[in-house]
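The structure presented is a predicted model; accordingly, all values stated were derived computationally and were not measured. Index from 1, following the sequence. When a ligand or atom number is given, it counts from 1 through the structure's own listing order.
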Amino acid sequence: MGRAIGVLAMEHIAVGLVEDHRLVGPVRVYTDDGSASSLLQSMPADQIAETICAQMKEVAQGQPVDAIGIGFPGIIRNGVIEESPNLPQTKGFKLESTLSTLLGGGATVRALNDADAFAAGVAATRGHLDSLVRVWTLGSGVGFGRYPSSEGVWEGGHVVVSLDPKEKYCGCGGIGHLEGVVGRRGMRLRFLDLEPDEVFANARAGDRRCAEFVHTWHRALAAATATSIHLEGPGRFFLSGPNATFVDLHLLDRYLHEMVTMSPLQGSALELVEASDETAIIGAAVNALRGVNGAT
Ligand SMILES: [Zn+2]
C-alpha cells in the first residue's frame with residue numbers, strides 16, 4: 001500500500017494523510033470559518049491549485065508520500081477538469097500536471113470526480129474494495145460516484161428518467177433528467193410555494209399533490225438505479241448527501257424490483273451512508289495509491 005494525501009475540494013478544501021485506508025492525524029480544512037464556498041468560486045484555477053498545494057504541505061510535514069489524490073467537482077478526465085458547473089473558471093484546467101509541477105514531481109497525482117472519491121472511500125472503509133460500489137449523492141444537484149473509477153463520463157445525475165417534456169428542472173437545462181426531479185434545486189422550482197422538507201412533511205400528512213410527487217421522486221431514483229443495473233449489472237448502491245433523509249428504502253426497493261425483472265440482474269443492495277469529508281479524502285487517497293500499485 002503506502003502513504004498518500006487525500007484532498008476533497010468542494011465547498012471547501014479538506015486535506016488528510018491516509019495510511020492503510022485510514023486517516024492519520026487531523027483533517028485540515030481551508031478555510032474553517034465557512035467562507036470557503038464563495039472564496040473558491042471567485043478564485044482563479046491556478047490559485048485553487050496553489051491553495052491545495054499549501055494545505056498538502058502542511059499535512060505532509062516534510063514527510064514523503066507515495067501518492068496524492070484529489071476529489072474535485074465536475075467531469076475530470078486524464079487529469080484535466082473538462083467541466084465543473086460549480087467552479088466554471090476551472091474548465092480546461094490541467095489539475096494533475098499543475099499540482100505535480102507545483103510539488104516538484106515525486107508523488108503520483110490522481111484527480112477524480114468528488115462523487116467517485118466518496119464512492120472509493122465508502123468501498124475502502126466498508127471492506128468493498130473488491131467489488132463495484134455506486135453512490136447517489138442527493139443534494140442541490142445529484143452526484144453519481146462509482147468505484148473502481150473507470151474511463152468514461154458517468155454523469156449519472158443527468159440520466160433521463162422521464163419522457164415528459166415538462167420535466168425541465170435540471171440544473172444543466174436538459175429535459176427529463178434525474179436531478180430535475182430529485183435534486184433540491186429542481187424541487188424548489190417545481191414547488192415554488194414549498195421547501196423540499198415541507199413537500200415531504202405534507203406528503204406524510206396526506207396532501208395529495210405532495211404524496212404523488214414523493215412517489216415520483218422515488219420512481220425517478222429507482223429508474224436511474226435500474227438503468228445503471230441494466231448497463232453494469234447488480235451490486236451495492238449507497239445513498240448519501242443532505243437529501244438522503246428523504247429516502248424511503250422500502251419504497252425505493254419496491255420500485256426497483258418493478259423496473260429490474262431479469263433474473264441475472266436481481267440482488268442489488270440499497271443502503272444509506274452518511275456523507276463526510278473524511279470518507280472522500282480516504283477515497284481520493286486510496287484511488288491514487290491504486291494508480292501507484294498498478295491497479296486501474
Ligand atoms: Zn441534467
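Vertex the Zn ion (ligand 1), arms ending at SG of C172 and SG of C170: the angle is 110° after rounding to 10 degrees.
The aromatic ring centroids of F238 and F118 lie 6.0 Å or more from each other. Side-chain rings of F144 and W136 approach one another, their centers coming within less than 6.0 Å.
Checking Y169 against H177 by side-chain atom types alone, no donor-acceptor pair falls below 3.5 Å. Between S276 and T279, the side chains place a donor N or O and an acceptor N or O closer than 3.5 Å (distance only, hydrogens not considered).
Looking only at N/O/S atoms, H177 comes nearest to the Zn ion (ligand 1) through ND1. H158 contributes atom ND1 as its closest N/O/S atom to the Zn ion (ligand 1).
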